[in-house]
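Worksheet: the structure to be examined is printed underneath.
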Number of protein chains: 2
Amino acid sequence: MTKNFDRTSLEALLLKRFFYAPSFGPYGGVAGLYDYGPAGCALQSNILNIWKQHFVMEENMLELDCTMLTPYDVLKTSGHVDKFADYMVKDTKNGEIFRADHLVKNVLKKRLEDDELLKNGKAPTQAKGKGKNKKAAPTPLSDELRKEYEDILEQLDNYDGKGLDGLIKKYNITSPEAGNPVSECTLFNLMFETQIGPTGSLKGFLRPETAQGQFLNFKRLLEYNTGSMPFASAQIGKSFRNEISPRQGLLRVREFTMAEIEHFVDPENKNHHRFDEVKDIEIVFYPASNQMEGKGTVTTTIGKAVESGMVNNQTLGYFIARIYLFLIKIGIKHEKLRFRQHMANEMAHYACDCWDAEIENSYGWIECVGCADRSAFDLTVHQKKTGEKLVVQEALPEPIIRDRWVIEINKPKFGPAFKKNVRFVQGYFDNMLEDPTISYPKTTKDSEKLWNEEKVLEFKKKLEEGNGSCNITCSDGNEYTVTSDMVAINKITEKINVREYTPNVIEPSFGIGRIFYSLIEHSYWVREGDEQRAVLSFPACVAPIKCLLTPISHQDEFVPVLKDIAAKLRAHNISNRVDDSSNTIGRRYARNDELGIPFAITLDFQTTKDQTVTLRERDSTMQIRDTIDTVVDLVYKLVQGKMEWKDVLANHKAFTTQEV
Amino acid sequence: MTKNFDRTSLEALLLKRFFYAPSFGPYGGVAGLYDYGPAGCALQSNILNIWKQHFVMEENMLELDCTMLTPYDVLKTSGHVDKFADYMVKDTKNGEIFRADHLVKNVLKKRLEDDELLKNGKAPTQAKGKGKNKKAAPTPLSDELRKEYEDILEQLDNYDGKGLDGLIKKYNITSPEAGNPVSECTLFNLMFETQIGPTGSLKGFLRPETAQGQFLNFKRLLEYNTGSMPFASAQIGKSFRNEISPRQGLLRVREFTMAEIEHFVDPENKNHHRFDEVKDIEIVFYPASNQMEGKGTVTTTIGKAVESGMVNNQTLGYFIARIYLFLIKIGIKHEKLRFRQHMANEMAHYACDCWDAEIENSYGWIECVGCADRSAFDLTVHQKKTGEKLVVQEALPEPIIRDRWVIEINKPKFGPAFKKNVRFVQGYFDNMLEDPTISYPKTTKDSEKLWNEEKVLEFKKKLEEGNGSCNITCSDGNEYTVTSDMVAINKITEKINVREYTPNVIEPSFGIGRIFYSLIEHSYWVREGDEQRAVLSFPACVAPIKCLLTPISHQDEFVPVLKDIAAKLRAHNISNRVDDSSNTIGRRYARNDELGIPFAITLDFQTTKDQTVTLRERDSTMQIRDTIDTVVDLVYKLVQGKMEWKDVLANHKAFTTQEV
């Protein structure tokens with residue numbers, strides 16, 4: 001983003017060079033859906049390849065590719081059916097729908113901006129309400145009201161539906177374009193729903209995150225990893241959010257690429273064996289306490305951040321550092337990158353601590369990577385629901401001997417005694433389990449279940465007081481008589497050889513589209529003195545196309561040489577683009593600077609004589625001249641990061657040519 | 001597939017080594033949904049990378065990444081809403097649902113197999129029908145009936161719903177397990193439906209193919225390609241089919257990865273500029289005529305196949321050859337690969353010619369790649385529906401002068417004359433257009449539209465005969481009087497400088513999951529004399545992991561050397577897996593042979609003395625010994641395909657060690 005950053009110009013460039021465009025253009029498009037064109041697709045693919053190398057290969061992570069279609073039960077258990085929702089309101093006259101918190105935010109922000117302008121003697125742009133809804137011209141705000149608005153904007157995440165309704169009423173917030181009143185808030189679940197199979201009986205959703213598939217494969221992954229901990233799984237894939245009213249281009253879309261890591265770790269030891277490698281990296285942190293106290297950010301090393309307890313543990317710290325290195329590597333600017341800690345009220349329902357990598361772009365500081373400690377939340381709820389053990393078993397150095405009380409039900413006696421009410425009586429005993437919400441597999445013996453000692457002993461006492469018979473009140477409200485021949489209450493002694501625990505999960509979760517867009521803004525600038533000549537200065541490793549191939553003029557004699565160089569570049573896996581259009585050479589360079597192509601090989605009349613070509617660097621527009629083979633080799637080394645442009649200049653004298 | 005191929009053993013291996021597994025395992029899975037584990041994910045990713053190199057990079061194809069969510073209108077236009085459906089029947093008692101053609105096929109096939117067994121004096125396995133549905137033991141078939149069944153199976157694709165109902169009735173086909181009667185056929189659309197946005201007013205589907213997004217971006221793609229033809233776009237992504245009753249593992253799933261190319265070509269010139277490079281490749285063809293006449297396949301070069309007209313044109317032929325080369329490169333066996341031409345009746349609704357690459361595996365000859373000529377179908381229907389021009393404009397070498405007749409409506413006269421019925425009168429004239437189904441944009445002038453000369457002249461005559469006034473009968477059944485001041489009928493002379501045409505599309509479309517599964521079967525074998533030792537002999541280029549790293553024993557002194565070699569391999573982008581478990585070295589080799597890892601570096605006690613290691617080749621189990629750096633370099637060259645194992649043996653003497 002340059003000083004005079006103009007988003008409209010950038011967006012026009014991105015459309016013209018087909019980085020991305022609204023999907024289904026001929027049909028008028030659909031809000032929140034975008035297609036990536038050849039340039040965008042290659043840029044995204046390069047970002048993802050570097051991601052794979054930087055994370056998956058570097059740490060031998062176990063990559064997965066899970067389905068997007070997800071049955072209802074899974075997302076009910078994970079909490080998404082109940083909690084993955086936003087509040088929305090409707091314009092009561094024209095039916096336009098708004099996300100409630102965004103409406104409040106936009107209206108109050110606009111009023112604050114208008115007030116600012118008025119106090120500086122400028123005229124604010126007026127809202128477009130028509131007829132009797134035509135809005136009164138903005139009026140200045142009292143200091144008191146300004147403060148109220150500012151406080152609300154700061155705390156907006158704290159308001160629930162009722163709270164938002166209150167704000168809308170109190171501050172007379174109407175729909176911004178039409179000026180109509182809006183309805184009360186209703187919750188809208190953000191998952192796309194569908195039916196799996198022809199019977200209509202299996203409801204499903206498109207996944208809202210790639211994480212659940214990784215949790216549900218935990219057992220297989222642990223086995224694949226020959227049982228050893230810690231380890232991480234990773235997945236790149238699409239996820240879906242049925243956004244209420246998506247705006248802001250790629251920052252808020254309904255279908256998006258994510259890259260997620262689930263690092264499974266022993267809750268009792270969150271140290272990381274490679275932490276030392278990253279501990280001296282300096283990072284900008286914005287801890288929760290500073291946000292609450294209105295203080296700014298803190299710059300320190302990740303080592304000190306963990307040592308001081310600001311970042312909870314080494315594993316979380318390690319990933320923060322690795323995320324930082326990844327983002328810098330692909331071209332995100334250090335000074336536009338910070339790690340902000342979530343405040344308690346904004347944490348997702350599954351998270352117990354979370355740091356977001358926020359990247360600054362023209363929309364503000366945007367959350368692009370979340371790094372959350374999901375604790376044991378997901379594995380625990382899925383295990384409870386399904387009865388499948390999602391745990392780690394570790395041999396103990398010494399066995400532990402312990403006593404515990406169990407109840408064993410004599411099933412053959414239960415049936416005849418309680419007949420069709422047996423389930424109520426069974427339910428009474430199930431409630432005496434340590435955790436009644438666990439679904440044990442049917443084959444689990446009563447003695448293997450974990451019982452609540454207090455409850456068992458209480459029942460034992462009752463039975464003894466009744467001389468081996470007592471009445472119990474069950475969930476149907478009736479009393480039943482239980483006798484001691486029906487249930488055995490025993491203390492058993494166990495020798496425990498294995499420690500069993502549910503791992504905690506540290507989850508770095510990357511919104512690739514947001515990183516992609518921020519990277520484009522950070523790479524965009526305009527050549528001084530020529531506002532028509534925009535450049536996207538991507539690092540060579542992510543540039544969509546690595547090398548432009550262009551002949552000085554549109555003549556047939558260049559065709560075989562072009563083909564030959566293209567083949568040589570392909571053999572080195574260097575993507576190239578041939579531009580042999582009839583535009584001037586300067587115009588062609590300019591057009592390909594807009595695609596962010598870092599290097600250009602130009603064929604001129606000398607080429608056909610001595611097999612030399614020129615090599616141009618995008619940002620400096622400097623050129624050198626050498627033989628075809630040398631130049632191809634230089635491009636290979638530059639693209640691989642084995643050499644920099646200054647190294648090329650050290651061995652070549654600059655070749656001057658006119659860019660017209 | 002070895003001679004004694006046992007699918008059950010292979011499937012157990014694939015699950016154990018986590019190539020793939022049913023999704024949502026702890027929840028009992030969902031039919032037709034599979035997750036790819038680390039081994040499967042890497043194998044798929046390598047197949048796709050080679051695909052990208054072989055097709056996209058090699059031909060500078062324009063890659064896209066379009067959304068899966070697709071609005072109703074797009075798929076209505078493309079024909080999928082009406083035609084992308086299968087017939088299903090329901091067990092009338094237990095509600096079980098079957099795809100009708102599969103039911104008929106399976107039942108008749110079973111009867112033929114039973115008959116075969118009976119005639120050979122063997123007892124067929126019996127169907128499980130219970131109670132009064134318990135089936136009579138299979139009885140031999142008459143020769144006549146055998147022939148009938150065989151003919152039906154051959155022609156099954158020709159039957160529609162009524163036809164299938166007839167077969168079910170005539171041959172008394174019931175649900176195979178329960179033996180109950182089944183309902184009549186109903187059509188079931190195979191697209192997953194959902195709602196886009198919160199209003200419920202925008203119905204959408206998950207795409208059934210990745211092609212539509214490519215067609216709808218045609219205009220931008222052509223522009224990106226600086227207007228020059230022919231060119232191809234390509235897309236890798238997931239598509240969805242709500243299969244009625246998916247079985248057959250990865251061959252019939254509800255969510256799957258496709259890789260599709262849309263090669264846009266001038267319908268008047270389907271030659272291909274690189275056809276010469278492939279013309280001598282020998283391929284097994286199974287043309288439609290041979291299928292109809294009960295003849296076998298034909299082996300010939302692609303050059304001759306095109307020359308003789310068996311394959312329609314060079315571009316289709318070029319892609320058939322490129323598909324062949326790709327499949328062979330990743331490890332599909334030549335003798336289990338053929339190209340079968342679609343018969344007219346089985347062609348998709350959009351295709352005008354189609355050759356499938358069929359790969360033989362234990363399920364039979366399976367369609368894995370389609371190579372269809374979709375003609376101008378898709379671009380034409382979308383243009384008609386939306387009015388957006390999806391055409392190529394080419395400057396003509398010489399302008400063409402032509403006359404044509406047009407009608408120009410004097411709109412200001414129409415309103416007062418026909419009032420609220422104006423649309424019926426307008427409709428009458430719209431029907432005089434050359435193609436009344438085209439939606440011209442509103443801004444198109446009448447003189448720019450293409451009128452049907454015959455109809456225009458007929459109307460002109462009618463108007464002249466009525467002395468500038470005539471009655472017309474409109475679609476509402478009423479007569480209206482039109483006078484010559486309301487409509488001008490003119491002959492205009494045009495100078496045409498530009499040839500405008502809708503390109504044809506050649507579409508190679510890859511079902512990656514089917515290729516993936518077939519490749520696994522082709523790579524699977526069991527070491528002679530030891531049925532426990534299975535091997536997956538993937539070519540190194542697709543092997544999920546390239547190199548195993550394993551110490552001869554589980555001792556601490558190996559740890560730093562292991563780390564060092566792993567880092568060296570990573571620096572060469574060679575994926576590796578460390579197996580330092582306490583199993584015997586032979587057991588560890590065997591386990592990693594099951595993952596298809598082509599090379600293994602083993603550290604032994606000599607390593608710590610002289611920095612040498614052994615290198616083992618998977619298929620031969622032969623080993624050589626050399627220094628760490630040399631071995632890493634050898635692995636790099638072997639994986640890159642710059643060297644073969646026999647080259648290694650030429651320079652090294654075999655190192656013998658015991659595999660226990």
Side-chain angles (χ1 to χ4, degrees), chain A residues 18 21 23-27 30-31 33-38 41-42 44 53 57-58 60 62-71 73-74 88 95 97 188 192-199 202 206 213 216-217 220 224 226 238 240 242 244 254-255 382 386 388 390 570 573 575 577 579 581, chain B residues 18 21 23-27 30-31 33-38 41-42 44 53 57-58 60 62-71 73-74 88 95 97 188 192-199 202 206 213 216-217 220 224 226 238 240 242 244 254-255 382 386 388 390 570 573 575 577 579 581:
Chain A
F18 202 3
S23 304
F24 316 109
Y27 286 80
V30 174
L33 295 181
Y34 292 90
D35 290 345
Y36 286 58
C41 201
Q44 177 178 258
Q53 263 171 34
M57 273 205 72
E58 184 65 30
N60 278 326
L62 308 185
E63 204 179 341
L64 289 172
D65 184 10
C66 304
T67 63
M68 289 170 261
L69 287 167
T70 308
D73 281 354
V74 170
M88 66 177 186
I97 286 177
F188 175 69
F192 287 96
E193 194 181 314
T194 193
Q195 298 292 337
I196 303 173
T199 61
L202 187 58
L206 296 175
L216 291 176
N217 281 302
R220 287 188 195 286
Y224 184 89
T226 57
K238 304 269 178 169
F240 300 81
N242 201 359
I244 289 170
R254 287 176 166 151
E255 181 177 330
H382 288 303
T386 64
E388 181 164 318
L390 301 171
R570 267 205 306 275
N573 265 335
S575 59
R577 175 180 164 96
D579 190 341
S581 64
Chain B
F18 203 1
S23 305
F24 317 110
Y27 287 80
V30 174
L33 296 181
Y34 293 90
D35 291 345
Y36 286 58
C41 200
Q44 176 179 259
Q53 264 172 35
M57 272 205 73
E58 186 64 30
N60 277 328
L62 308 184
E63 202 179 343
L64 289 172
D65 184 11
C66 303
T67 63
M68 289 170 260
L69 288 165
T70 308
D73 281 354
V74 171
M88 66 177 185
I97 287 176
F188 175 69
F192 287 95
E193 193 181 317
T194 192
Q195 298 292 337
I196 303 173
T199 62
L202 187 57
L206 295 176
L216 292 176
N217 280 303
R220 288 189 193 286
Y224 184 89
T226 58
K238 305 269 176 166
F240 300 81
N242 201 359
I244 289 170
R254 287 175 165 151
E255 181 177 330
H382 287 304
T386 65
E388 181 164 319
L390 301 172
R570 266 204 308 274
N573 266 335
S575 59
R577 174 180 165 97
D579 190 341
S581 64

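What you are looking at is a predicted structure, and each value in this text was computed from that prediction instead of being measured. Residue numbers start from 1 in every chain, and the chains themselves are labelled A, B, ... in the order their sequence lines are given, proteins ahead of strands.
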So which of [options] has the largest heavy-atom pair count under 4.5 angstrom toward chain B?
options	result
S581(A), C66(A), P26(A)	P26(A)
D65(A), L216(A), T386(A), N573(A)	D65(A)
Q53(A), Q44(A), M68(A)	M68(A)
D579(A), L202(A), I244(A), N217(A)	N217(A)
L390(A), N242(A), L62(A)	N242(A)

Heavy-atom contact with chain B under 4.5 Å, split by part of [X]:
X	value
F188(A)	side chain
E63(A)	both
I97(A)	side chain
S23(A)	side chain
M57(A)	both
F240(A)	side chain
V74(A)	both
T226(A)	side chain

Would you name the heavy atoms of [X] and [Y] that are closest together and state the gap between them?
X	Y	result
A21(B)	R220(A)	CB-NE, 3.3 Å
R254(A)	L69(B)	O-CD1, 4.3 Å
I196(A)	F192(B)	CA-CE2, 3.9 Å

Quick check for you: among G37(B), G25(B), G95(B), P38(B), which has the greatest number of heavy-atom pairs under 4.5 Å with chain A? P38(B)

Name the option with the most non-hydrogen atom pairs under 4.5 Å to chain A; the candidates are V30(B), N60(B), T67(B). T67(B)

Could you tell me if the side chain of [Y] sits less than 4.5 Å from the side chain of [X], heavy atoms only?
X	Y	result
F24(A)	D73(B)	no
P71(B)	Y27(A)	no
L64(A)	Y36(B)	no
T199(A)	M88(B)	no
L206(B)	L206(A)	yes
T70(B)	L33(A)	no

Verify side chain to side chain contact (heavy atoms under 4.5 Å, CB included) between T194(B) and Q195(A), making sure each step is shown before the conclusion. CA-CA 8 Å; T194(B) 192; Q195(A) 298 292 337; over 6 Å; no

I'd like to check the side-chain contact (heavy atoms from CB on, under 4.5 Å) partners of E58(B); sequence neighbours left out, ordered by chain and number.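 Here the qualifying residues are R570(A), R274(B), R322(B).
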
